[in-house]
Chemist: 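To start, I am sharing the structure in question, which I have written as structure tokens.
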Amino acid sequence: MNGNAGGEGGMMMEEEEAKMNNQREALQRKKNAILVDGVILNGPVADAKAGEKFVEEASKIIMEEVIKKAADVTEKVCEWHPPEKLKTLLDLELKDTGETHQRLLQFCQDIIRFSVKTNHPRFFNQLYAGIDYYSLAARFITEALNPSVYTYEVSPVFLLVEEAVLKKMIEFIGWEEGDGIFNPGGSVSNMYAMNLARYRYCPDIKERGLSGMPRLVVFTSEECHYSVKKAASFLGIGTQNVYFVKSDERGKMIPEELEKQVQRARKEGSAPFFVSATAGTTVLGAFDPLDEIADICEKHDLWLHVDASWGGSALLSRKHRKLLQGIHRANSVAWNPHKMLMAGIQCCALLVKDSSDLLKRCYSANASYLFQQDKFYDVSYDTGDKSIQCSRRADAFKFWMTWKALGTTGLEERVNRALALARYLVDEIKKREGFQLLLEPEYANICFWYIPPSLRNMEKGQEFWEKLNHTLRGQ
């Protein structure tokens with residue numbers, strides 16, 4: 001007992017001594033303080049030790065609650081609550097004073113608990129799911145370093161990484177040379193491409209604007225991604241000047257219908273300049289016939305853009321790359337490795353078949369405080385002026401890390417496995433009573449109906465489809 005008492009006394013003395021040291025340090029800081037407008041400039045901005053401890057504890061929660069449980073099918077995909085109920089379960093109010101670290105760690109737990117687990121084996125999103133551990137580690141690194149990819153002097157490693165990844169993606173498209181940039185989403189890549197095509201068609205628009213411009217017309221399929229329409233709206237082209245080309249029963253653009261639409265636009269006195277084909281449509285997973293569309297684009301001198309945000313990853317598969325036959329004839333391509341290749345949202349590239357610095361000429365503002373031409377290194381590595389952004393994330397790094405870890409062969413296996421799983425699901429659907437396949441897929445999109453028992457013997461007329469629609473919507 002005496003020994004324990006002595007030990008406790010010693011601990012108390014150490015605590016008192018530490019307290020006194022802290023007080024002495026505080027007095028010394030106060031004595032040497034530089035005060036401006038009531039703010040001590042040479043005082044600590046944050047408690048580094050406490051911050052490090054918080055990051056360490058939060059990392060343990062992420063490891064235990066997200067990463068280790070990622071493959072556990074017994075866990076819930078989501079603990080679902082309606083919005084108003086969820087607001088009561090989460091303390092969302094922002095207050096005048098900060099919360100304790102213990103409270104913040106509880107917030108971390110709650111946020112994970114009530115969020116959708118996109119890494120879960122039973123999370124079935126249309127276009128992405130699962131976890132890639134190498135990409136995740138790369139994201140931890142970039143979040144910790146907090147880089148902005150615009151000049152070599154502030155982001156040397158990540159600019160070189162982006163260059164290496166873009167070069168490899170360009171090779172898989174089949175171009176001998178090209179340019180590109182990573183963007184925050186395939187929608188933005190599609191908009192970049194449309195604007196780039198317009199700049200090539202009428203370079204004066206960059207300085208003179210839309211006044212005096214002819215009525216520009218864009219062509220895309222009925223099954224295109226809605227971002228094409230949004231891009232036309234955003235760029236001032238107008239949604240009425242997006243001509244939607246008929247698709248066949250599989251969702252592919254019909255080339256003959258494209259030719260008719262181009263002829264129509266010319267007769268109206270409009271200026272056709274841009275065709276957006278799709279390689280992997282969102283719903284049906286259709287691949288437009290790129291060679292035939294390219295023939296029409298060459299005939300009429302139209303910019304051919306291929307939105308391969310979803311289907312571009314098939315280029316890495318020797319078995320399935322034929323789906324994108326003719327993509328090498330495109331002027332630009334949007335490709336999102338964060339989808340089938342699991343690089344982590346967001347990871348989206350715009351690739352351009354150009355070696356004349358078209359991207360930079362179109363988007364540059366030549367900010368003198370940032371893009372000086374007399375730096376001590378090759379300023380061609382200052383690629384930020386190719387983007388409409390200033391601050392830009394190092395999105396290429398996570399894909400680079402995954403590619404480094406798996407190699408091209410591993411990425412190819414990832415694509416082949418996804419499409420093999422799709423084939424397996426189709427075969428299972430065909431065996432199951434009450435399931436009706438809409439069409440044989442050519443990619444990973446499987447479209448089917450579930451027919452409830454009450455409707456299985458009913459003739460498939462208008463009444464059938466109305467009842468089925470109401471049943472599936474829970475009405």
Side-chain angles (χ1 to χ4, degrees), residues 132 134-135 138 149 157-183 186 189-190 192-193 196 277-280 287-288 290-291 293-294 297-298 303-344 346-360 378 380-381 383 386-387 394-419 443:
D132 179 87
Y134 309 105
S135 165
V149 187
V157 173
F158 297 117
L159 274 166
L160 295 180
V161 163
E162 183 174 69
E163 179 188 56
V165 173
L166 289 169
K167 182 181 177 183
K168 202 69 178 174
M169 294 174 82
I170 284 166
E171 284 178 19
F172 274 94
I173 290 172
W175 299 335
E176 291 183 5
E177 56 186 357
D179 199 359
I181 196 160
F182 274 78
N183 297 311
S189 293
N190 290 338
Y192 265 55
L196 201 59
T278 311
F287 287 73
D288 288 341
L290 301 181
D291 265 327
I293 293 170
C297 290
E298 288 174 9
W303 181 288
L304 174 57
H305 173 66
V306 178
D307 178 5
S309 297
W310 174 221
S313 298
L315 288 168
L316 292 169
S317 167
R318 285 165 289 187
K319 182 177 182 179
H320 299 291
R321 66 172 58 142
K322 60 181 180 289
L323 290 167
L324 296 107
Q325 176 65 38
I327 196 170
H328 64 286
R329 299 175 66 185
N331 298 95
S332 57
V333 174
W335 178 358
N336 293 3
H338 75 226
K339 291 188 165 76
M340 188 170 285
L341 297 178
M342 301 167 63
Q346 56 203 18
C347 189
C348 314
L350 172 70
L351 298 315
V352 184
K353 184 163 57 175
D354 174 73
S355 57
S356 69
D357 245 355
L358 185 65
L359 262 173
K360 188 173 182 180
D378 181 356
S380 68
Y381 285 99
T383 59
K386 289 194 254 185
S387 170
D395 289 329
F397 179 57
K398 50 197 163 192
F399 186 35
W400 178 87
M401 184 70 88
T402 297
W403 206 327
K404 274 286 191 182
L406 302 181
T408 304
T409 304
L411 293 177
E412 180 182 26
E413 287 172 2
R414 189 164 279 183
V415 174
N416 289 345
R417 184 175 187 276
L419 295 184
Y443 202 45

Chemist: Taking all atoms of both residues into account, what is the closest heavy-atom pair of Ile181 and Ser387, and its distance?
Modeler: CD1-CB, 3.5 Å
Chemist: May I ask you to test the Val149-Phe182 pair for a side-chain heavy-atom distance under 4.5 Å?
Modeler: no
Chemist: Nearest 0.5 angstrom please: Leu315 CG to Ile327 CD1, how far?
Modeler: 5.0 Å
Chemist: Under a 4.5 Å cut-off applied to non-hydrogen side-chain atoms, are Thr402 and Leu341 in contact?
Modeler: no
Chemist: Glu177: what forms a side-chain hydrogen bond (donor to acceptor under 3.5 Å, both in side chains) with it, not counting sequence neighbours?
Modeler: Ser355
Chemist: Kindly write out the residues that satisfy side-chain hydrogen bond (donor to acceptor under 3.5 Å, both in side chains) with Trp303, not counting sequence neighbours, or none if the list is empty.
Modeler: Ser332
Chemist: Do you know the tightest heavy-atom contact between Leu324 and Ala308?
Modeler: CD2-CB, 4.2 Å
Chemist: Do Tyr381 and Leu160 come within less than 4.5 Å of each other through their side chains, counting heavy atoms only?
Modeler: yes
Chemist: Report the distance from atom CD of Glu163 to atom CG of Asp179, rounding to the nearest 0.5 Å.
Modeler: 10.0 Å
Chemist: If you look at every heavy atom in Gly344 and His338, which pair is closest and at what distance?
Modeler: O-CB, 3.3 Å
Chemist: In a table with atom names and distances, give each donor-acceptor pair under 3.5 Å that connects a side chain of residues 346-354 to protein atoms at least two apart or in another chain.
Modeler:
from, atom 1, to, atom 2, distance (Å)
Lys353, NZ, His328, O, 2.9
Asp354, OD1, Ser356, N, 3.3
Asp354, OD1, Ser356, OG, 2.6
Asp354, OD2, Ser356, N, 3.1
Asp354, OD2, Ser356, OG, 3.4
Asp354, OD2, Asp357, N, 3.2
Asp354, OD2, Leu358, N, 2.9

Chemist: What pair of heavy atoms forms the shortest contact from Leu323 to Ala314, and how long is it?
Modeler: CD1-CB, 4.4 Å
Chemist: Determine whether a donor-acceptor pair (N or O, by modelled atom type, separation under 3.5 Å) exists between the side chain of Tyr443 and the backbone of Trp310.
Modeler: yes
Chemist: Please find the pair of heavy atoms, one from Ser380 and one from Asp378, that lie closest to each other, and give the distance.
Modeler: OG-OD1, 2.9 Å
Chemist: Could you state the interatomic distance from NZ (Lys319) to CG (Asn416), rounded to the nearest 0.5 Å?
Modeler: 6.5 Å
Chemist: Do Phe399 and Ser135 touch side chain to side chain, with heavy atoms closer than 4.5 Å?
Modeler: no
Chemist: Sort out for me which residue in Asn190, Asn331, Thr278 forms a side chain to side chain donor-acceptor pair (under 3.5 Å) with His305.
Modeler: Asn190
Chemist: Do you know the tightest heavy-atom contact between Ala277 and Leu304?
Modeler: CB-CD1, 4.1 Å
Chemist: Hey, could you give me each pair passing salt bridge (Lys or Arg N to Asp or Glu O under 4.0 Å) that has a residue in residues 321-330? Not counting sequence neighbours.
Modeler: Asp291-Arg329, Asp295-Arg329, Glu298-Arg329
Chemist: Inspect the surroundings of OH in Tyr134 and state if more than 12 heavy atoms from other residues, nucleotides or ligands are less than 6.0 Å away.
Modeler: no
Chemist: Trp335 versus Ser189: any side-chain heavy-atom pair under 4.5 Å?
Modeler: no
Chemist: In chain order, what residues pass the salt bridge (charged side-chain N to carboxylate O under 4.0 Å, His left out) check against Asp395, with sequence neighbours excluded?
Modeler: Arg393, Lys398
Chemist: For residues Ser309 and Lys339, determine if any side-chain heavy atom of one lies less than 4.5 Å from a side-chain heavy atom of the other.
Modeler: yes
Chemist: Would you say that Leu316 contacts Trp403 through its side chain, given a criterion of any heavy-atom pair below 4.5 Å between the two side chains?
Modeler: yes
Chemist: So Glu162 and Phe158, do their side chains get closer than 4.5 Å, heavy atoms only?
Modeler: no
Chemist: Does anything in residues 403-415 form a salt bridge (Lys or Arg N to Asp or Glu O under 4.0 Å)? List the pairs, not counting sequence neighbours.
Modeler: Asp132-Arg414, Arg318-Glu412
